Amino acid sequence: MPNGPEYYVLQPLFGEDKGTIVRVPTTNTVSLAPILSKEVAFDLVENWPKGDNLYEADAKKRKQNYESAIASGEYLTFPRLLEGIRQKKAKEGKLNSMDQQFLSRAQPILYGEIASALGVQYEDVDGIIHK
């Protein structure tokens with residue numbers, strides 16, 4: 001019989017948090033979300049945003065969108081934000097620190113989920129999305 005709370009011990013596989021150990025109490029299932037299903041992952045890839053003007057020019061709104069997306073853990077909001085950043089970088093060749101920070105946090109989360117759901121390598125996800 002354990003002498004205290006039990007924890008799920010998790011370790012991110014991708015991104016800047018790779019190698020970090022996260023302990024989530026087994027009683028706190030609100031913090032845990034199921035991995036994307038294969039169907040949802042296919043849907044995300046097939047319906048990845050395309051077209052121009054996906055980048056929010058207003059820095060305050062953009063920051064709010066980034067913070068809201070990360071805080072909610074709602075991965076379905078990530079593609080539009082990530083594609084806007086991608087378009088901005090293609091157009092200007094660089095990103096500001098706020099965009100780079102969101103990209104560094106959100107892309108590994110979403111691409112990792114898609115890679116796991118589809119059974120592909122993380123490194124192949126960008127090519128699958130932008131085929």
Side-chain angles (χ1 to χ4, degrees):
M1 189 90 151
N3 288 341
E6 292 183 347
Y7 295 90
Y8 295 109
V9 179
L10 310 169
Q11 189 172 12
L13 298 173
F14 311 105
E16 62 188 33
D17 293 329
K18 183 178 179 178
T20 302
I21 294 176
V22 180
R23 290 177 178 82
V24 180
T26 57
T27 57
N28 185 6
T29 57
V30 174
S31 297
L32 301 175
I35 193 166
L36 287 181
S37 70
K38 193 172 193 173
E39 293 77 21
V40 171
F42 271 127
D43 190 53
L44 279 172
V45 169
E46 290 298 315
N47 295 302
W48 195 263
K50 296 184 180 35
D52 297 330
N53 302 319
L54 294 175
Y55 186 77
E56 173 60 63
D58 184 308
K60 287 183 181 180
K61 286 182 185 177
R62 197 169 65 253
K63 181 178 182 180
Q64 186 177 34
N65 290 344
Y66 292 165
E67 289 173 351
S68 175
I70 292 291
S72 72
E74 190 54 50
Y75 304 148
L76 301 180
T77 63
F78 287 17
R80 183 175 178 81
L81 299 172
L82 290 172
E83 190 60 25
I85 290 172
R86 182 176 187 269
Q87 290 177 1
K88 170 84 169 174
K89 187 172 183 179
K91 183 178 181 182
E92 297 184 9
K94 60 182 175 156
L95 297 173
N96 65 41
S97 62
M98 179 175 56
D99 294 336
Q100 185 60 53
Q101 184 179 24
F102 178 76
L103 180 66
S104 295
R105 289 187 69 200
Q107 184 170 306
I109 293 169
L110 184 60
Y111 280 25
E113 289 278 338
I114 291 171
S116 295
L118 299 181
V120 299
Q121 294 294 314
Y122 175 87
E123 295 78 16
D124 296 333
V125 172
D126 195 63
I128 292 169
I129 289 170
H130 298 103
K131 60 182 181 286

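When reading the values below, keep in mind they use all heavy atoms of this one structure, side chains included, and skip hydrogens, waters and symmetry mates. Just so it is clear, the structure is predicted and the values come from calculations on it, not from any experiment.
Glu113 CD to Leu118 CG: the interatomic distance, rounded to the nearest 0.5 Å, is 11.0 Å. With rounding to the nearest 0.5 angstrom, the CD1 atom of Ile35 is 11.0 Å from the CD1 atom of Ile114. Here the NZ atom belonging to Lys63 is positioned 10.0 Å from the NZ atom belonging to Lys60, to the nearest 0.5 angstrom. Atoms CD1 and CG, on Ile70 and Asn65 in that order, are 12.0 Å from each other to the nearest 0.5 Å. One distance of note links NZ of Lys88 with CD of Glu56; it measures 11.5 Å at 0.5 Å rounding. Rounding to the nearest 0.5 Å places OH of Tyr7 at 8.5 Å from OG1 of Thr27.
The local environment of NZ in Lys61 is sparse, with at most 12 non-hydrogen atoms from other residues, nucleotides or ligands closer than 6.0 Å. Within 6.0 Å of CG on Asn53 lie no more than 12 heavy atoms contributed by other residues, nucleotides or ligands. Counting heavy-atom neighbours within 6.0 Å of Glu92 CD, excluding the residue itself, gives a total above 12.
Of the residues listed (Leu81, Asp99, Ile85), the one engaging Arg62 in a side-chain contact (heavy atoms from CB on, under 4.5 Å) is Asp99, and it is the only one.
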Tell me which donor-acceptor pairs under 3.5 Å the side chains of residues 124-131 have, and how far apart each pair is, sequence neighbours excluded?
{"residue": "Asp126", "atom": "OD1", "partner": "Tyr111", "partner atom": "OH", "Å": "2.7"}
{"residue": "Asp126", "atom": "OD1", "partner": "His130", "partner atom": "ND1", "Å": "3.1"}
{"residue": "His130", "atom": "ND1", "partner": "Asp126", "partner atom": "O", "Å": "3.2"}
{"residue": "His130", "atom": "NE2", "partner": "Glu83", "partner atom": "OE1", "Å": "2.8"}
{"residue": "His130", "atom": "NE2", "partner": "Arg86", "partner atom": "NE", "Å": "3.4"}
{"residue": "Lys131", "atom": "NZ", "partner": "Glu46", "partner atom": "OE2", "Å": "3.4"}

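Hydrophobic clustering of Ile, Leu, Val, Met, Phe, Trp and Tyr side chains at less than 4.5 Å, counting indirect connections, unites Phe78 with Val120. Under the 4.5 Å side-chain heavy-atom criterion for ILVMFWY residues, no single connected hydrophobic cluster contains both Leu54 and Leu76. Residues Val40 and Ile109 are members of one and the same hydrophobic cluster, defined by side-chain heavy-atom contacts under 4.5 angstrom among Ile, Leu, Val, Met, Phe, Trp and Tyr.
Using a 4.5 Å cut-off on side-chain heavy atoms (C-beta onward), Leu82 and Trp48 make contact.
Residues Leu103 and Pro108 share a closest heavy-atom pair of O-CD, 3.6 Å. Residue Ala117 comes nearest to Leu36 through the heavy atom pair CB-O, 3.3 Å, listed as atom of the first residue, atom of the second, then distance. Residues Ala59 and Met98 come closest through the heavy atom pair O-CE, 3.7 Å.
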Subject >> Residue pair Ser97, Gln101: steps toward the side-chain contact (heavy atoms from CB on, under 4.5 Å) verdict >> reply: CA-CA 6 Å; Ser97 62; Gln101 184 179 24; over 6 Å; no
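Between the Ser68 side chain and the Gln64 main chain, no donor and acceptor come within less than 3.5 Å of each other.
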